[in-house]
Amino acid sequence: MIESDGFFGLRTTDRLDRELLIALATRQIGAVHVKGLVAAQDCDDVVDRLEKDRLNAFDLSRYQVPTFNLGPILNHYLPQRRITQTYWDEARHAEDFWEGCEPDVRAQCFRLLAEAWGATARQLHHDGRPLFRGIVRDNSNGAPPHWDDLAIEFPPGFVVPVPIVQLSFVLYLRMPASGGETDIWPRRWVPGDDRFRVGSCWPDLPLGAAPLSVRATAGDAVIFDPRHYHQVRPGLDGRRLTLASYLGITADGALVAWS
């Protein structure tokens with residue numbers, strides 16, 4: 001039996017296992033905070049190698065605060081409803097970065113996730129090609145309330161295999177001295193919400209109950225269901241850098257990953 005801080009509560013642990021992932025998938029808990037999943041020094045080494053010119057800017061027409069990333073994110077291609085060559089170019093650029101990392105924190109995270117689930121974390125495919133997974137994100141300026149749902153946002157057959165459960169995995173590489181919390185609400189999108197939509201966010205949507213709020217430190221990981229509304233609070237006195245990936249569980253029980 002999973003214990004947490006009540007309905008849609010937080011489970012804090014120093015060890016990730018299958019039971020916790022199942023509890024998230026079945027909404028027994030709202031989020032898992034894994035303390036020290038990766039050594040803080042290894043996270044520092046990644047950040048030290050990360051030059052400013054490696055990061056690409058998010059589209060401000062869809063995401064209302066300046067945000068930067070290393071590696072492509074599938075949601076950027078929603079307006080075109082297709083993946084362009086830019087996606088694959090950004091993926092190659094990011095893979096070149098990770099190939100030079102020692103230790104490879106991204107590979108370490110996927111290995112730990114696979115061990116917890118009991119099977120290799122496979123990549124989703126689009127048009128026969130494996131999708132990128134594991135973006136580095138600088139959202140020191142925060143992120144307004146939003147949600148992410150592959151089944152709603154993309155047409156049938158866009159990716160294979162189709163996940164029936166979606167989770168979001170976030171490893172914290174660097175955190176500001178204060179701020180930078182992740183807030184998660186026990187509420188998912190309904191069509192009427194779109195009157196509050198601005199780009200891909202819902203900055204003024206009344207969300208009712210207080211959110212579950214998580215503040216992590218470098219080396220910690222947080223996992224939650226991104227189909228719930230969530231936001232990032234702006235950081236104060238420093239950068240907020242994370243390694244993020246979506247996770248899915250397919251009908252045959254496989255674990256898949258993409259960004």
Side-chain angles (χ1 to χ4, degrees), residues 21 24-27 56-64 67-95 98 106 109-110 113-114 117 119-137 139 143-170 184 187-194 197-202 223-231 242-259:
L21 294 176
L24 282 170
T26 54
R27 301 185 74 188
N56 299 307
F58 275 35
D59 182 352
L60 281 173
S61 69
R62 301 190 64 246
Y63 214 70
Q64 290 79 55
T67 306
F68 308 90
N69 61 291
L70 171 69
I73 183 168
L74 201 58
N75 293 357
H76 279 190
Y77 297 84
L78 279 171
Q80 297 96 337
R81 307 293 281 180
R82 65 185 181 89
I83 290 179
T84 67
Q85 184 58 42
T86 302
Y87 177 95
W88 305 111
D89 292 342
E90 289 186 21
R92 182 66 262 168
H93 176 64
E95 293 292 358
W98 285 110
R106 185 182 63 154
C109 286
F110 285 117
L113 286 163
W117 186 246
T120 300
R122 307 195 321 241
Q123 289 167 264
L124 279 190
H125 284 67
H126 168 76
D127 198 24
R129 300 179 70 175
L131 293 174
F132 182 79
R133 59 183 184 178
I135 67 169
V136 174
R137 179 179 291 167
N139 51 7
H146 61 285
W147 50 268
D148 306 284
D149 189 336
L150 196 67
I152 294 176
E153 296 175 288
F154 291 93
F158 193 83
V159 298
V160 293
V162 178
I164 59 174
V165 170
Q166 294 178 56
L167 299 173
S168 186
F169 170 85
V170 182
I184 309 159
R187 175 176 169 176
R188 296 186 183 181
W189 172 83
V190 295
D193 292 350
D194 277 356
R197 183 170 185 162
V198 180
S200 59
C201 300
W202 283 256
I223 309 174
F224 62 95
D225 187 332
R227 293 172 293 185
H228 292 109
Y229 279 100
H230 55 281
Q231 71 175 7
T242 60
L243 169 66
S245 183
Y246 296 115
L247 303 174
I249 300 170
T250 64
D252 62 358
L255 186 68
V256 292
W258 72 100
S259 290

For this session: Check the pair Tyr87 / Tyr77 against ring pair (Phe, Tyr, Trp, His ring centres under 6.0 Å), numbers first and verdict last.
Result: CA-CA 8 Å; Tyr87 177 95; Tyr77 297 84; 5.6 Å; yes

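Between Phe158 and His126, the angle of the ring planes lies from 30° to 60°, which puts this pair in the tilted group. Using bins of under 30°, 30° to 60° and over 60° for the plane-to-plane angle, the ring pair Trp147/Trp189 lands in the tilted bin.
For the pair Arg27/Leu24, no side-chain contact is recorded, criterion being any heavy-atom separation below 4.5 Å from C-beta on. Proximity of Trp88 to Pro72: side-chain heavy atoms (C-beta onward) are nowhere separated by under 4.5 Å. Residues Trp202 and Tyr229 form a side-chain contact, since some pair of their non-hydrogen atoms from C-beta on lies under 4.5 Å apart.
Summarising the geometry of Ser168 relative to Pro226, their closest heavy-atom pair is N-CD, 3.5 Å, with the distance given to 0.1 Å. Of all non-hydrogen atoms in Leu74 and Leu150, the two that sit nearest each other are CD2-CD1, 3.9 Å. Of all non-hydrogen atoms in Leu113 and Ile223, the two that sit nearest each other are CD2-CD1, 4.3 Å. When all heavy atoms of Trp258 and Pro163 are compared, the closest pair comes out as CH2-CG, 4.0 Å.
The OG atom of Ser259 sits 9.5 Å away from the CD atom of Gln123 when rounded to the nearest 0.5 Å. Interatomic distance, Phe58 CZ to Asn75 CG, rounded to the nearest 0.5 Å: 8.5 Å. The distance from atom CZ of Phe224 to atom NE2 of His228, rounded to the nearest 0.5 Å, is 10.5 Å. One finds the CZ atom of Phe169 at 4.0 Å from the SG atom of Cys109 (value rounded to the nearest 0.5 Å). Asn56 contributes atom CG, which lies 7.5 Å from atom CG of Leu70 (distance to the nearest 0.5 angstrom). With rounding to the nearest 0.5 angstrom, the CD atom of Glu90 is 6.5 Å from the CG atom of Asn69.
A donor and an acceptor atom, one from each side chain of Gln166 and Asp148, are nowhere located under 3.5 Å apart. With no hydrogens or angles considered, no side-chain donor-acceptor pair links His146 and Arg197 at under 3.5 Å.
Contact check on Asp127 versus Arg82 returns no salt bridge, with no Lys/Arg side-chain nitrogen under 4.0 Å from an Asp/Glu carboxylate oxygen. Electrostatic pairing of Asp149 and Arg188 does not count as a salt bridge here, judged by no charged N lying under 4.0 Å from a carboxylate O. Under 4.0 Å is where a charged nitrogen must lie from a carboxylate oxygen, and between Arg227 and Glu153 no such pair does.
Partners of Gln231 under the side-chain contact (heavy atoms from CB on, under 4.5 Å) rule, at least two apart in sequence or in another chain, are Pro145, Asp183, Trp185, Arg233. The side-chain contact (heavy atoms from CB on, under 4.5 Å) test applied to Arg122 returns Pro161, Ala254, Val256, not counting sequence neighbours.
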For residues 129-137, which side-chain donor-acceptor pairs fall under 3.5 Å, sequence neighbours excluded?
{"from": "Arg133", "atom 1": "NH1", "to": "Ala121", "atom 2": "O", "distance (Å)": "2.5"}

